[in-house]
Amino acid sequence: MTAELIDGKKAAERLRGQVAELAAAFAADAGRKPGLAVVLVGEDPASSVYVRSKGKATVAAGMESFEHRLPVDTDQDDLIALVDRLNADPAVDGILVQLPLPDGLDAQAVLTRIDPDKDVDGFHPVNAGRLATGLNGFVPCTPYGCLMLLKSQLGDLSGLNAVVIGRSNIVGKPMAALLTAADCTVTIAHSRTKNLPHHLAHADIVVAAVGRPGFVRGEWLKPGATVIDVGINRTADGLVGDVEFEGAASIAGAITPVPGGVGPMTIACLLRNTLVAAHRREGIALAADAI
Ligand SMILES: NC(=O)C1=CN([C@@H]2O[C@H](COP(=O)(O)OP(=O)(O)OC[C@H]3O[C@@H](n4cnc5c(N)ncnc54)[C@H](OP(=O)(O)O)[C@@H]3O)[C@@H](O)[C@H]2O)C=CC1
Ligand SMILES: Nc1nc(=O)c2c([nH]1)NC[C@@H]1CN(c3ccc(C(=O)N[C@@H](CCC(=O)O)C(=O)O)cc3)C=[N+]21
Ligand SMILES: [Mg+2]
């Protein structure tokens, strides 16, 4: 392996420490802690693990965690009613509805019901529109975390060629928007892309968000490329990313591991967004470069 390892766990710990300091200052000012509500419908084991670790991280950062666990057969109206209550609750600054929702529930309708100013996932169409038009809003945590890792690894991203593999609303599309805003030349690849290796051969930055274990091969990469592996795939070999790690690490300049790369940054960015939401809702200033 020749690539440098990008330590997302360490970067996330640093960010969580900064959030905790600012959360304590907020609490002293506002007379209450920032609050994050997480809604889990059903008992999917992976989702339960995420929700538990989000709750722990929230409390560790000096914030209030409100967990709402609903049965798998919850109907759309009851879920919407809960979102309405959380929208109206002054102690709640951020609302996250864990995805995927069980079959029969309309995720888009639920996400669109969340108050955009409490939408710390950045999934509401208003926040997607803000990101697309360069307005201040909430940016989805996973691509935001990827951008932070890229900037700390590479500094200025201006003029670099970036290929984002995947075009989902929660990872690929907002990732491409962020890289475009950072002055990269961005290519978005997806399942209909012809000759992906051709595009990757010119990519200084590769972000893989495909959902297929080991999909990206080392030999497709431009030597020295920076590779961000968003994939979280549970296989017989354990948790693996969307990049074939050994091969990629022998050609890339730097690469995120799975686990210990993007995942921890996602949670740290969720706390960061909640902190920002709390400041905005209380009208308390937070220096633009504070975090
Ligand atoms: N670390 C973290 O914090 C997070 C990790 N993840 C992980 O990231 C991965 C992606 O998540 P998500 O975006 O939600 O996944 P989706 O399934 O929503 O999107 C996958 C994307 O990959 C594209 N794709 C599928 N097959 C190919 C192929 N053969 N060649 C090129 N592109 C292809 C799809 O194309 P098309 O649009 O044409 O179907 C689609 O755009 C998953 O492993 C997920 O678990 C997700 C969120 C957070
Ligand atoms: N409304 C909503 N918002 C999300 O942000 C959201 C979601 N729904 N649904 C599921 C995906 C996935 N996701 C991850 C978060 C942290 C890790 C993470 O911390 N991963 C650790 C390992 C965890 C493990 O061992 O399982 C790591 O990569 O090191 C992974 C994945 C957030 N998501
Ligand atoms: Mg998805």
Side-chain angles (χ1 to χ4, degrees), residues 5-13 16 36-42 44-57 68 83 94-101 107-108 110-111 114 118-124 127 138-146 148-149 163-176 187-200 206-217 220 228-235 238-243 245 256-274:
L5 261 193
I6 301 174
D7 191 341
K9 199 164 169 242
K10 197 159 90 190
E13 272 163 22
R16 283 167 57 171
L36 172 65
V38 175
V39 179
L40 174 62
V41 186
D44 175 70
S47 295
S48 300
V49 171
Y50 289 141
V51 167
R52 203 170 317 120
S53 66
K54 282 169 188 165
K56 271 202 246 165
H68 294 268
V83 169
I95 302 170
L96 178 148
V97 177
Q98 183 71 21
L99 300 177
L101 288 172
Q108 203 49 56
V110 173
L111 298 179
I114 294 172
K118 295 190 176 189
D119 171 36
V120 288
D121 255 334
F123 294 166
H124 192 289
N127 283 316
F138 291 108
V139 174
C141 302
T142 299
Y144 195 61
C146 294
M148 291 176 87
L149 293 177
V163 174
V164 178
I165 315 173
R167 56 174 165 180
S168 71
N169 289 333
I170 75 171
V171 188
K173 271 189 237 170
M175 185 77 249
T187 300
I188 304 175
H190 47 74
S191 67
R192 307 300 176 93
T193 294
K194 289 177 182 159
N195 204 349
L196 179 62
H198 165 82
H199 295 282
L200 291 178
V206 178
V207 180
V210 187
R212 291 171 177 240
F215 175 77
V216 175
R217 319 290 310 176
W220 297 348
I228 305 291
D229 189 350
V230 180
I232 298 279
N233 305 289
R234 277 159 225 290
T235 71
L239 199 66
V240 303
D242 289 343
V243 178
F245 185 85
T256 59
V258 177
V262 172
M265 285 301 284
T266 296
I267 294 185
C269 287
L270 175 66
L271 303 178
R272 182 256 176 214
N273 281 352
T274 303

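First listed ligand is number 1; within each ligand, the first listed atom is number 1. Everything numeric in this text was worked out from a predicted model, so none of it was measured. We number each residue from 1, following the sequence as shown.
Contacts with ligand 1 closer than 4.0 Å are made by heavy atoms of both the backbone and the side chain of Val210. With a 4.0 Å cut-off on non-hydrogen atoms, Pro264 touches ligand 2 through its backbone as well as its side chain. Residue-level proximity to ligand 1 for Ile170 is carried by the side chain, the only part with a heavy atom below 4.0 angstrom. In Leu96, the part holding a heavy atom less than 4.0 Å from any atom of ligand 2 is the side chain. Counting heavy atoms closer than 4.0 Å to ligand 1, residue Met265 contributes nothing at all.
Using a non-hydrogen distance threshold of 4.0 Å, Val97 registers as a contact of ligand 2. Under the 4.0 angstrom criterion for non-hydrogen atoms, Gly172 is not in contact with ligand 1. Assignment of Thr193 to the shell around ligand 1 is not supported, since no heavy atom sits closer than 4.0 Å.
Counting only heavy atoms from C-beta outward, the side chains of Ile232 and Tyr50 approach each other to under 4.5 Å. Contact check for Pro140 versus Ile170: no side-chain heavy atoms found under the 4.5 Å cut-off. Residues Val230 and Val207 are in side-chain contact: their nearest non-hydrogen atoms beyond the backbone lie under 4.5 Å apart. Counting heavy atoms from C-beta on, the side chains of Thr142 and Val262 come closer than 4.5 Å. A 4.5 Å side-chain heavy-atom check between Ile165 and Thr193 finds every atom pair outside the cut-off.
Of all protein heavy atoms, the one closest to atom 6 (C) of ligand 2 is Lys54 NZ, 3.9 Å. The shortest contact between atom 30 (C) of ligand 2 and any protein heavy atom is with Tyr50 CE2, 3.4 Å. What sits closest to atom 15 (C) of ligand 2 on the protein, heavy atoms only, is Thr266 CG2, 4.0 Å. Residue, atom and distance of the protein heavy atom nearest to atom 26 (O) of ligand 2 are Arg234 NH2, 3.3 Å. For atom 22 (C) of ligand 2, the nearest non-hydrogen atom of the protein is Leu239 CD2, 3.8 Å. Among protein heavy atoms, atom 5 (O) of ligand 2 sits closest to Asp121 OD1, 3.8 Å. At the top of the distance list for atom 9 (N) of ligand 2, counting protein heavy atoms only, stands Leu99 O, 2.8 Å.
Within the set Val230, Ile165, Thr266, the minimum heavy-atom distance to atom 8 (O) of ligand 1 is found for Val230. The option with the heavy atom closest to atom 40 (C) of ligand 1, from among His190, Arg234, Arg167, is Arg167. Considering each of Gly260, Gly263, Gly145, Gly122, the one bringing a non-hydrogen atom nearest atom 29 (O) of ligand 2 is Gly260. When Ala209, Cys141, Pro140, Gly231 are checked for heavy-atom proximity to atom 10 (C) of ligand 1, Ala209 turns out nearest. Between the choices Val207, Ile232, Asn233, the shortest heavy-atom distance to atom 44 (C) of ligand 1 belongs to Ile232. Of the candidates Pro259, Gly211, Gly145, it is Gly211 that places a heavy atom closest to atom 9 (C) of ligand 1.
The shortest N/O to N/O separation between Arg192 and ligand 1 does not fall below 3.5 Å. Below 3.5 Å of separation, one finds an N or O of Gln98 facing an N or O of ligand 2. Where the criterion is an N or O separation shorter than 3.5 Å, residue side chain and backbone included, Gly261 fails it with respect to ligand 2.
Atoms of ligand 2 lying under 4.0 Å from at least one heavy atom of Phe123, given by number and element, are 1 (N), 2 (C), 3 (N). If you number the atoms of ligand 1 from 1 as listed, the ones under 4.0 Å from a heavy atom of Val262 come out as 1 (N). Atoms of ligand 1 found under 4.0 Å from any heavy atom of Gly166 (numbered from 1 in listed order, with element): 21 (C), 22 (O), 41 (O). Close approach of ligand 2 to Ile232 (heavy-atom distance below 4.0 Å) involves ligand atoms 28 (O), 30 (C). Of all atoms in ligand 1, numbered sequentially from 1 with element shown, those under 4.0 Å from a heavy atom of Gly263 are 1 (N), 3 (O). Heavy-atom contacts of Phe215 reach the following atoms of ligand 1: 28 (C), 29 (N), 30 (N) (cutoff under 4.0 Å).
Closer than 4.0 Å to atom 11 (C) of ligand 2 lies none of the heavy atoms of the protein.
Thr187 meets the side-chain hydrogen bond (donor to acceptor under 3.5 Å, both in side chains) test with no other residue; sequence neighbours excluded.
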